[in-house]
Protein chains: 2
Amino acid sequence: MAKFKLDETDHQILDMLIENTRTPFTDIAKKLLISAGTVHVRVKKMEEAGIIIGSSLTLDYKKLGYAFIAYVGVFLKNTSQTKFVLERINEIPFVTVAHVTTGKFNVFCKIRAKNTQHAKEIIFLLDDIEGVYRTETMISLEESINDKKRLMHSIFKEM
Amino acid sequence: MAKFKLDETDHQILDMLIENTRTPFTDIAKKLLISAGTVHVRVKKMEEAGIIIGSSLTLDYKKLGYAFIAYVGVFLKNTSQTKFVLERINEIPFVTVAHVTTGKFNVFCKIRAKNTQHAKEIIFLLDDIEGVYRTETMISLEESINDKKRLMHSIFKEM
DNA sequence: GGTGAAAGCACCGAGTT
DNA sequence: AACTCGGTGCTTTCACC
């Protein structure tokens, strides 16, 4: 998991692909004044190095009827059950991400649901997992996602 | 923000593109026994409808030297300052997402940092925002991201 | 709303500098 | 490591169903 060396050209390629995965390599090449072949080789190298893990679509879950987001803190009866509980949590499709954490909670997860009723059902599923002592829910009233590009620029500045 | 009607074919197209945005339309067409032109038209329609917002690369931040994830709960002096504070928070590049929440915290955010030292600096930036009373940090020891496909399947089942 | 063919490009590997 | 170039194959449009 070592820090990987990327140069300015790699940064700019990632920059364009982060905004739109399907940006033609020829467009990137034109902008960076290099050949499309070079873009191709560099992307391939970053894929082989595991820097680029994959690509995914960003969907509007609100439009799909899933506007409800909440974070659920999970308290365990016994921390030795962490692994087991984490596995059970990951079987629930509406849990988008789960963390083992220090601090207040043992496990901490994000859920995406249709509405409060649906969220309640999901939280009940969490509560029902063996080893879960209790849960604490925080409902998101508003989500603001920071620009991925901005984070990358900050990372690049330090490389 | 109405619920949008997608048919089985759309589901399967999204299914393949979620796994890999660059899946050739010809491959999708072959698998679904339709023409590549049809795949193209359907994807375009989903883009125009705003279901597909965009596409992005998944990067390995660990390999880039950013292995540290934490969630920070923010308490405000006064909830009327929420909007202002949220704007300031979003100016910090290492904050990847911020939420206005009900429950324990007023605002809740996720940060990505190089290490504990770096995380401390970011949390100090949060503490320094005018209107922030105090913060509470939960450090992620392990992140497990649920399969995006699994959520989509659950959503599709109900459409 | 779908098709199939055709034109236009992009991808990607080979060979070169 | 990057370039050019050419074969292969993908995308996108369009007339037609």
Side-chain angles (χ1 to χ4, degrees), chain A residues 2-60 63-65 149 152 155-159, chain B residues 2-60 63-65 148-149 152-153 155-159:
Chain A
K3 203 163 155 178
F4 202 84
K5 210 61 201 147
L6 300 177
D7 67 10
E8 183 59 27
T9 308
D10 292 323
H11 297 173
Q12 292 195 261
I13 292 170
L14 287 179
D15 223 45
M16 293 186 77
L17 290 177
I18 276 173
E19 289 250 302
N20 176 11
T21 316
R22 288 186 112 95
T23 310
F25 290 180
T26 45
D27 284 11
I28 298 173
K30 242 176 272 169
K31 194 162 172 187
L32 305 186
L33 306 173
I34 54 178
S35 78
T38 303
V39 176
H40 174 237
V41 169
R42 279 169 175 267
V43 169
K44 213 172 157 191
K45 272 187 190 162
M46 289 190 278
E47 281 170 354
E48 277 161 11
I51 300 279
I52 297 175
I53 298 170
S55 63
S56 189
L57 291 182
T58 309
L59 301 178
D60 189 334
K63 289 215 170 114
L64 294 169
K149 223 168 156 172
M152 288 312 291
I155 290 176
F156 293 156
K157 258 192 283 182
E158 309 241 347
M159 293 185 88
Chain B
K3 205 164 153 177
F4 202 84
K5 210 62 202 147
L6 301 176
D7 68 10
E8 185 59 27
T9 307
D10 292 323
H11 297 174
Q12 293 195 260
I13 292 170
L14 287 180
D15 223 45
M16 295 185 77
L17 290 177
I18 277 173
E19 290 250 302
N20 175 10
T21 316
R22 283 183 177 266
T23 311
F25 290 179
T26 45
D27 284 10
I28 299 174
K30 242 177 270 168
K31 194 162 174 187
L32 304 186
L33 305 173
I34 55 178
S35 76
T38 302
V39 175
H40 176 239
V41 168
R42 279 171 175 267
V43 169
K44 216 170 155 190
K45 272 188 190 160
M46 289 190 278
E47 281 170 353
E48 277 161 11
I51 300 281
I52 297 174
I53 298 170
S55 64
S56 189
L57 292 181
T58 310
L59 301 179
D60 188 334
K63 289 214 171 115
L64 295 169
K148 217 171 171 177
K149 221 169 158 172
M152 286 314 289
H153 284 303
I155 290 176
F156 292 156
K157 258 193 283 183
E158 310 240 347
M159 294 185 86

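Order of the sequence lines fixes the chain letters, A, B, ..., with proteins taken first and strands second; residue numbering starts at 1 for each chain.
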Measure from the side chain of [X], starting at C-beta and using heavy atoms only, and say which of [options] lies closest.
| X | options | value |
| --- | --- | --- |
| H40(A) | dT11(D), dA10(C), dC12(C) | dC12(C) |
| F25(B) | dC12(C), dT11(D), dA10(C) | dT11(D) |
| K45(B) | dC10(D), dG13(C), dG1(C) | dG1(C) |
| T38(B) | dA1(D), dG13(C), dT3(C) | dT3(C) |
| P24(A) | dT12(D), dA10(C), dT11(D) | dA10(C) |
| I34(B) | dT3(C), dC10(D), dG13(C) | dT3(C) |

Touch class at under 4.0 angstrom, heavy-atom based, for S35(A) against every strand present
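Answer is base: heavy atoms of S35(A) come under 4.0 Å of a base.
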Between [atom2] of [N] and [atom1] of [X], the distance in whole Å:
| X | N | atom1 | atom2 | result |
| --- | --- | --- | --- | --- |
| I13(A) | dA1(D) | CD1 | P | 13 Å |
| D10(B) | dG1(C) | CG | P | 10 Å |
| L33(B) | dG4(C) | CG | P | 11 Å |
| I28(A) | dC12(C) | CD1 | P | 12 Å |

Is the phosphate of [N], meaning OP1 or OP2, less than 4.0 Å from a side-chain N or O of [X]?
| X | N | value |
| --- | --- | --- |
| K44(A) | dG13(C) | yes |
| R42(A) | dA1(D) | no |
| R22(A) | dC10(D) | no |

Checking the side chain of T58(B) only, and the main-chain atoms of I53(A) only, is there a donor and an acceptor separated by less than 3.5 Å?
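Side chain of T58(B) to backbone of I53(A), a donor-acceptor pair under 3.5 Å: no, none is there.
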Taking S56(B) for the side chain and I18(A) for the main chain, is one N or O donor matched with an acceptor at less than 3.5 Å?
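Checked: pair present.
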How close do L6(A) and M159(A) get, counting heavy atoms only, and between which atoms?
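Shortest heavy-atom contact: N-CE, 4.2 Å.
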Minimum-distance pair of heavy atoms, taken over all atoms of T23(A) and R22(B)
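In this case the closest contact between T23(A) and R22(B) is O-NH2, 3.4 Å.
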With nearest nucleotides of DNA chain D determined for D7(A) and T23(B) from heavy-atom distances, which residue corresponds to the more 5′ nucleotide?
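In this pair, the answer is D7(A).
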Hey, which of these two, G37(A) or K30(A), hits DNA chain C nearer its 5' end, going by closest nucleotide?
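Its nearest nucleotide lies further toward 5', so the answer is K30(A).
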Do D7(A) and R42(A) have side chains that approach each other closer than 4.5 Å (heavy atoms only, starting at C-beta)?
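SC-SC contact between D7(A) and R42(A) confirmed.
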